[in-house]
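What you see is a predicted model, and the numbers here were worked out from it, not measured in a lab. Both counts, for ligands and for their atoms, begin at 1 and track the order of listing.
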Amino acid sequence: MNIILLGPPGAGKGTQAKMIEEKFGLVQLSTGDMLRAAVAEGTEIGKKAKGIMERGDLVPDDIVVSIIADRIDEDDCQDGFVLDGFPRNAAQAQALDVMLAEKGIGLQHVIEMKVDADVLVERITGRYTCGSCGAGYHDIYKPVAKDGVCDNCGSEDLKRRPDDTAETVRSRLEVYSRETEPLLPYYGEKAILRQVDGMAAMDAVAQSINSILAA
Ligand code: AP5
């Protein structure tokens, strides 16, 4: 099974993708995580992407399309994947269609996570992650049990993203409504678009997604 999680910044795509990975064994493919890894490693792609990501703009299509094309060829993706943060505009959606057709694989569900804009800003500005194991937290909704220490692995390397400022979030939300929201009718016409209430608590959102995937 191959699926897309679609929703604005802070909708909970990454949070739910990790839960889907654990429950259904689908591999999480987050273009944001891949680009952040390239920035941290200082690769050519990372050098091109760094400033663009800090402004909240989209990295050029040719870069993200080739990252995804290479990644879904890897062995661990053959039993299914969950795309998190890709596609983000019409050109990427069309490139994905071509890629999947060439590989002879399908897309079963596109799940839209609906969350009000004011909640998104609060979610993003309160977010932090463990730099060691990648576990995600939030100042209010999911704080670590012991200050400064990851619950999952005990690391003290807790980080905030440079693009998680209130100002950049506003720009990311504008980019989402201009570039990504038009993909909803695109997938609606293909009759694979489903919706979940992303305003609910994390476990309730997971339950709604599980019902779609298990059907
Ligand atoms: P990317 O990393 O994809 O960021 P994003 O789409 O802006 O999404 P986020 O990671 O901010 O949010 P999320 O929906 O995953 O929410 P999360 O689960 O963390 O992209 C970053 C940048 O990379 C882009 O701006 C762009 O520059 C570039 N890029 C990436 N892909 C690209 C592409 N395809 N093309 C071009 N450029 C690309 O949740 C947020 C917080 O809320 C967390 O703290 C979490 O704990 C909390 N939370 C989650 N769910 C709930 C809930 N139900 N209730 C309460 N709190 C919750």
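Residue-environment remark: CG (D147) stays at or below the threshold of 12 foreign heavy atoms within 6.0 Å. Taking a 6.0 Å sphere around NZ of K103, one finds it holds more than 12 heavy atoms contributed by other residues, nucleotides or ligands. Counting non-hydrogen atoms of neighbouring residues, nucleotides and ligands closer than 6.0 angstrom, the NZ atom of K48 reaches no more than 12 such neighbours.
The closest protein non-hydrogen atom to atom 31 (N) of ligand 1 is T31 OG1, 2.8 Å. From the protein, the heavy atom lying nearest to atom 55 (C) of ligand 1 is Y141 CG, 3.5 Å. Remark: minimum distance from atom 12 (O) of ligand 1 to any protein heavy atom is reached at G10 N, 2.8 Å. For atom 18 (O) of ligand 1, the closest non-hydrogen atom of the protein is T15 OG1, 2.5 Å.
The atoms of ligand 1 that sit less than 4.0 Å from any heavy atom of Y137 are 44 (O), 46 (O). Short contacts between ligand 1 and Q92, defined as distances under 4.0 Å to a heavy atom of the residue, involve ligand atoms 33 (C), 34 (N), 35 (N), 36 (C). Set against the non-hydrogen atoms of L35, the atoms of ligand 1 under 4.0 Å away are 28 (C), 29 (N), 30 (C), 38 (C). Of all atoms in ligand 1, numbered sequentially from 1 with element shown, those under 4.0 Å from a heavy atom of A201 are 53 (N). Atom numbering of ligand 1 starts at 1 in the shown order; those under 4.0 Å from a heavy atom of G14 are 13 (P), 15 (O), 18 (O). Near P9, meaning under 4.0 Å from one of its heavy atoms, ligand 1 places the atoms 5 (P), 7 (O), 8 (O), 12 (O). Of all atoms in ligand 1, listed by their number and element, those nearer than 4.0 Å to a heavy atom of G198 are 53 (N). Within ligand 1, the atoms closer than 4.0 Å to a non-hydrogen atom of R36 are 2 (O), 21 (C), numbered from 1 in the order shown.
Remark: ligand 1 and A11 share an N or O pair separated by less than 3.5 Å (distance only, no angle test). When only interatomic distances are considered, the shortest N/O to N/O separation between G12 and ligand 1 falls below 3.5 Å. Close N/O approach between A200 and ligand 1 is found [any backbone or side-chain N/O within under 3.5 Å].
Side chain of N2 to backbone of F81: a donor-acceptor contact under 3.5 angstrom is found. In terms of modelled atom types and a separation under 3.5 Å, the side chain of K142 and the main chain of G136 share a donor-acceptor contact. A donor-acceptor pair is defined here as one N or O able to donate and one able to accept, closer than 3.5 Å; no such pair exists between the side chain of R36 and the backbone of R161.
Residues K18 and E22 are not in side-chain contact: their nearest non-hydrogen atoms beyond the backbone lie 4.5 Å or more apart. Contact check for V65 versus F86: side-chain heavy atoms found under the 4.5 Å cut-off. Contact of the V82 side chain with the F24 side chain is not registered, since no non-hydrogen atoms from C-beta on lie closer than 4.5 Å. D203 has its side chain out of reach of Q207: every pair of non-hydrogen atoms, C-beta onward, lies at least 4.5 Å apart.
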- Message: Between D164 and R123, does the salt bridge (Lys or Arg N to Asp or Glu O under 4.0 Å) criterion hold? Intermediate values first, please.
- Response: CA-CA 10 Å; D164 276 354; R123 281 195 189 173; over 6 Å; no

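Ranked by closest heavy atom to atom 27 (O) of ligand 1, the top entry among L58, D57, I52 is D57. For atom 10 (O) of ligand 1, the nearest non-hydrogen atom from the set R55, R161, M19, K13 belongs to R161. Between M113, R127, M34, it is R127 that holds the heavy atom closest to atom 40 (C) of ligand 1. The residue among M199, K18, K142, R123 with a heavy atom at the shortest distance from atom 54 (N) of ligand 1 is R123. Here the shortest heavy-atom distance to atom 1 (P) of ligand 1, taken over R88, R172, M53, belongs to R88.
Legend: residues meeting ring pair (Phe, Tyr, Trp, His ring centres under 6.0 Å) with Y176, ordered by chain and number and at least two apart, are absent.
Among D139, T165, T129, the single residue meeting the side-chain hydrogen bond (donor to acceptor under 3.5 Å, both in side chains) criterion with R160 is D139.
Contacts of M202 with ligand 1, taken as heavy-atom pairs under 4.0 Å, involve both backbone and side chain. In S30, neither the side chain nor the backbone holds a heavy atom less than 4.0 Å from any atom of ligand 1. The proximity of V59 to ligand 1, defined as any non-hydrogen pair under 4.0 Å, involves the side chain as well as the backbone.
Between the side chains of E122 and Y141, at least one donor-acceptor pair of N or O atoms lies under 3.5 Å.
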